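Below: one structure, written as structure tokens.
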Amino acid sequence: MLKNKKLRRPAWLAAVAMTTLLAGCSKAVVLNPAGDIAAQQGQMVITATLLMLVIIVPVIALTLFFAWKYRQGNTEAEYDPEWHHSTTLELVIWTVPLLIIIALGALTWIGTHKLDPYRPLDRIDAQRPLAANVTPLEVQVVAMDWKWLFFYPEQGIATVNELAAPVDRPILFKLTATSTMNAFYVPDLAGMIYAMPGMQTELNAVINKPGVFKGMSSHYSGAGFSGMTFKFHGLSNDDFAQWVQKAKTEGKPLDKGTYLNLAKPSERDPVQRFASVEEGLYDKVLNRCVEDGKMCMHHMMAIDAHGGDAYVRAAGLNLPQDWCTAQNAAQVVAAIDNRNAPTSGASLRQ
């Protein structure tokens with residue numbers, strides 16, 4: 001018995017030390033972020049926790065109380081072996097948890113729609129609504145093996161493993177990936193959002209404080225996953241303009257050839273800046289047709305949506321069986337546009 005007690009003591013000390021480390025020494029970024037979307041998400045976590053504690057705390061307290069009151073040898077405790085039911089107790093046991101579940105469900109339903117990552121922002125923070133004439137900063141994100149590539153279409157630049165945005169300006173992220181599903185996560189900015197090859201996801205967010213914040217991949221994607229991090233800079237408008245100008249001054253052009261070299265798997269890449277970006281490069285990355293001779297996915301889907309090979313032949317395009325090339329794709333899509341304009345043509349270009 002004494003031996004067991006000696007073994008348990010280090011375990012208890014380790015548990016207390018770990019709890020202190022996690023609770024006291026952690027920055028608790030999720031509960032104290034620098035962006036409004038992340039702040040609302042953190043508040044939801046706190047509210048849900050408090051609602052659950054309404055049940056947890058009384059249950060723990062009553063468990064300890066009953067263990068003490070009905071301890072062995074306590075002759076003052078009432079003993080009634082025939083007791084089997086209490087309507088009052090049944091109502092309390094079932095009604096209170098049911099009310100909490102309803103409250104949690106309502107909170108989750110409202111929060112899920114209000115904080116939908118695709119939903120444009122309607123406020124800067126809790127005190128400031130978003131002005132009607134404000135245009136979000138668009139950032140196109142590509143998750144690679146194992147690095148992050150960021151396109152700034154408005155500014156005409158791109159960066160690797162470095163992200164920046166003006167404070168209090170809404171940001172619209174459009175995300176895709178090269179080969180492996182990944183997850184984009186800046187804890188101070190908003191919740192994580194997946195990036196998948198051949199697909200585009202969106203995230204709307206805003207940073208409300210200047211500073212340098214950690215960004216990461218939150219979905220395991222292979223050997224270089226642990227080094228797939230970046231710094232997110234929250235800057236004033238003037239500092240952001242200087243950051244853009246620095247990229248234009250120090251960077252090199254980003255074309256298809258440079259991108260294909262960049263897309264090769266590598267680990268812990270340093271920050272890179274590109275002064276210019278080849279037109280349409282992000283769309284080609286999204287549609288997986290950067291390489292010469294590859295048909296873009298949106299072209300292929302447009303052809304399939306109109307009947308595939310049968311439609312092509314009905315349109316009078318006598319192409320061989322292996323007609324899935326970049327050149328033939330343009331020919332087929334042009335034929336579909338001409339035949340179905342204006343309604344279908346508009347939808348295909350989308």
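Quick caveat: nothing in here was measured; it's all calculated off a predicted structure. Every heavy atom of this structure was used, including side-chain atoms; hydrogens, water molecules and symmetry mates were not.
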Item to check | Any donor-acceptor pair under 3.5 Å from Thr201 side chain to Tyr194 backbone | outcome: yes

Item to check | Distance (rounded to the nearest 0.5 Å) between Lys264 NZ and Asp145 CG | outcome: 13.5 Å

Item to check | Over all atoms of both residues, closest heavy-atom pair of Leu121 and Ala205 | outcome: CD1-O, 3.4 Å

Next on the checklist: I'd like to know if the side chain of Asp168 and the backbone of Ile124 have a donor-acceptor N/O pair within less than 3.5 Å.
Outcome noted: no

Next on the checklist: If you take the centroid of each ring, where Trp contributes its six-membered ring, are Phe232 and Trp148 closer together than 6.0 Å?
Outcome noted: no

Next on the checklist: For a side-chain contact (heavy atoms from CB on, under 4.5 Å) check, start with the C-alpha distance between Met44 and Leu115, then their side-chain angles and the critical distance, and finish with the verdict.
Outcome noted: CA-CA 11 Å; Met44 283 187 63; Leu115 299 176; 3.7 Å; yes

Next on the checklist: Applying side-chain hydrogen bond (donor to acceptor under 3.5 Å, both in side chains) to Gln200 and Tyr282, what does each step give before you reach the verdict?
Outcome noted: CA-CA 11 Å; Gln200 178 174 279; Tyr282 172 77; 2.9 Å; yes

Item to check | Worked check of salt bridge (Lys or Arg N to Asp or Glu O under 4.0 Å) between Glu162 and Arg273 | outcome: CA-CA 8 Å; Glu162 185 178 59; Arg273 300 180 179 91; 3.0 Å; yes

Next on the checklist: With rounding to the nearest 0.5 angstrom, report the CG to CE distance, Leu50 to Met52.
Outcome noted: 9.0 Å

Checklist entry - What class does the angle between the rings of Trp243 and Phe240 fall in, given that below 30° is parallel, 30 to 60° is tilted and above 60° is perpendicular? => result parallel

Next on the checklist: Within the supplied structure, the quantity of interest is the number of heavy atoms (other residues, nucleotides, ligands) at a distance under 6.0 Å from Met192 CE; does it exceed 12?
Outcome noted: no

Item to check | Gln242 and Asp238: CA distance, side-chain angles, deciding distance, side-chain hydrogen bond (donor to acceptor under 3.5 Å, both in side chains) verdict | outcome: CA-CA 6 Å; Gln242 293 178 12; Asp238 290 340; over 6 Å; no

Item to check | Exam field: side chain Arg169 to backbone Thr135, donor-acceptor pair closer than 3.5 Å | outcome: yes

Checklist entry - Going through the distances and angles, do Thr258 and Asp255 end up as a side-chain hydrogen bond (donor to acceptor under 3.5 Å, both in side chains)? => result CA-CA 5 Å; Thr258 305; Asp255 54 19; 2.7 Å; yes

Item to check | More than 12 heavy atoms of other groups within 6.0 Å of Met199 CE | outcome: no

Checklist entry - Relative to the ring of Phe173, is the ring of Phe184 parallel (under 30°), tilted (30 to 60°) or perpendicular (over 60°)? => result tilted

Item to check | side-chain hydrogen bond (donor to acceptor under 3.5 Å, both in side chains) between His219 and Asn182, intermediate numbers included | outcome: CA-CA 5 Å; His219 183 97; Asn182 221 300; over 6 Å; no

Checklist entry - According to a 4.5 Å side-chain heavy-atom criterion applied to Ile, Leu, Val, Met, Phe, Trp and Tyr, with indirect links allowed, do Phe150 and Val277 form part of one hydrophobic cluster? => result no

Checklist entry - So how far is it from Ile193 CD1 to Asn204 CG, rounded to the nearest 0.5 Å? => result 10.0 Å

Item to check | Lys214/Asp188 salt bridge by N-O under 4.0 Å criterion | outcome: no

Checklist outcome for this item: CD of Glu138 to CD of Glu202, rounded to nearest 0.5 Å, is 8.5 Å

Checklist entry - Is a donor on one side and an acceptor on the other found under 3.5 Å between the side chain of Lys147 and the backbone of Ala263? => result no

Checklist outcome for this item: Residues at least two apart in sequence or cross-chain that pass ring pair (Phe, Tyr, Trp, His ring centres under 6.0 Å) with His84, listed by chain then number, are none

Item to check | Exercise: identify the closest heavy-atom pair between Ile37 and Ala190 | outcome: CG2-CB, 3.8 Å

